[in-house]
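The structure appears right after this line, and notes come after that.
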Amino acid sequence: NSCVNPCDLRTAVISSCPANASCSYFSDCSSKIQSWSCNSDYEKSGNSCVAITCSSGGYTSYIPVSYTCSTIIYKGLTCYTNCIKQEEEVDCPSECSYLYGSSGTCYDTCRMKCKRLGYAPTNIVTSTGKLCAIR
């Protein structure tokens, strides 16, 4: 029947073309979207296009201070994963400038300083007075 509007026979996959997307329309019904896809650097999220970020893939976009990380390319972005805290050493008070055993006032003073700084104390005070280390 020549009186039938072809648009009446078409069902749009989405009501309007989202921002940062490319849409194709039915050849016999230019008001209805046949398919759509997000432009580069964007990905579908429901009926919209959102910017691709490292966090959308479960990664971080930066290396945290005092960490080492593995680099990964995620959808064209340089991202980081498997970040591990680097070993750090913190100087003990000056009275701990030479080797002590695992007990005694100097060791306890250093151990308390380690805790106060948020580090885990090791069992050794070195000749340079370093006691704290965290991995």
Side-chain angles (χ1 to χ4, degrees):
N1 186 340
S2 62
C3 294
V4 174
N5 182 342
C7 286
D8 293 341
L9 305 174
R10 301 292 185 191
T11 303
V13 294
I14 191 170
S15 60
S16 62
C17 194
N20 303 302
S22 298
C23 296
S24 62
Y25 297 83
F26 291 101
S27 60
D28 58 354
C29 180
S30 61
S31 64
K32 291 191 178 178
I33 299 169
Q34 183 176 13
S35 64
W36 66 284
S37 62
C38 295
N39 299 337
S40 61
D41 300 329
Y42 292 86
E43 61 188 354
K44 282 186 179 183
S45 177
N47 288 339
S48 63
C49 294
V50 295
I52 295 171
T53 63
C54 290
S55 59
S56 63
Y59 307 110
T60 182
S61 59
Y62 63 94
I63 298 175
V65 175
S66 301
Y67 280 76
T68 55
C69 304
S70 301
T71 302
I72 187 167
I73 303 300
Y74 173 71
K75 297 188 178 184
L77 299 174
T78 300
C79 304
Y80 304 96
T81 187
N82 300 325
C83 296
I84 298 170
K85 182 109 172 126
Q86 294 173 336
E87 183 174 308
E88 293 182 40
E89 290 185 334
V90 176
D91 285 330
C92 292
S94 58
E95 68 267 20
C96 298
S97 60
Y98 55 93
L99 186 64
Y100 278 87
S102 60
S103 64
T105 306
C106 184
Y107 178 82
D108 290 341
T109 302
C110 289
R111 192 177 61 198
M112 284 186 291
K113 181 177 182 182
C114 289
K115 273 181 106 171
R116 204 170 51 248
L117 293 171
Y119 296 101
T122 62
N123 292 325
I124 298 171
V125 179
T126 67
S127 59
T128 58
K130 295 185 185 301
L131 173 80
C132 308
I134 187 165
R135 293 181 201 275

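The first residue in the sequence is number 1, and the count goes up from there. Bear in mind that the values here come from a model prediction, so they are computed numbers and not experimental data. Side chains are part of it too, since the values below use all heavy atoms of this structure and drop only hydrogens, waters and symmetry mates.
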Open item on the list: For residues I33 and F26: do they belong to one hydrophobic cluster (side chain heavy atoms under 4.5 Å, members Ile, Leu, Val, Met, Phe, Trp, Tyr)?
Closed with: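 Different clusters.
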TODO: Measure the OH-OG1 distance between Y59 and T53 for me, rounded to the nearest 0.5 Å.
DONE: 12.0 Å
TODO: Report the distance from atom OG of S40 to atom CG of N20, rounding to the nearest 0.5 Å.
DONE: 9.5 Å
TODO: Return yes if a side-chain donor-acceptor contact under 3.5 Å exists between S24 and S35, otherwise no.
DONE: yes
Sequence neighbours excluded and cut-off under 3.5 Å, please list the side-chain donor-acceptor pairs for residues 6-19, or say none.
{"unit_1": "R10", "atom_1": "NE", "unit_2": "D28", "atom_2": "OD1", "d": "3.0"}
{"unit_1": "R10", "atom_1": "NH2", "unit_2": "D28", "atom_2": "OD1", "d": "3.4"}
{"unit_1": "R10", "atom_1": "NH2", "unit_2": "D28", "atom_2": "OD2", "d": "3.0"}

Open item on the list: Would I72 and Y80 count as a side-chain contact (heavy atoms from CB on, under 4.5 Å) here? Give the steps.
Closed with: CA-CA 6 Å; I72 187 167; Y80 304 96; over 6 Å; no
Open item on the list: A side-chain contact here means heavy atoms from C-beta on lying under 4.5 Å apart; do C79 and T60 qualify?
Closed with: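 SC-SC contact between C79 and T60 ruled out.
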Quick one: side chains of residues 43-52, donor-acceptor pairs under 3.5 Å with protein atoms, not counting sequence neighbours, listed by atom name and distance.
{"unit_1": "E43", "atom_1": "OE1", "unit_2": "K75", "atom_2": "NZ", "d": "2.6"}
{"unit_1": "E43", "atom_1": "OE2", "unit_2": "S56", "atom_2": "OG", "d": "3.3"}
{"unit_1": "K44", "atom_1": "NZ", "unit_2": "W36", "atom_2": "O", "d": "3.3"}
{"unit_1": "S48", "atom_1": "OG", "unit_2": "S45", "atom_2": "O", "d": "3.0"}

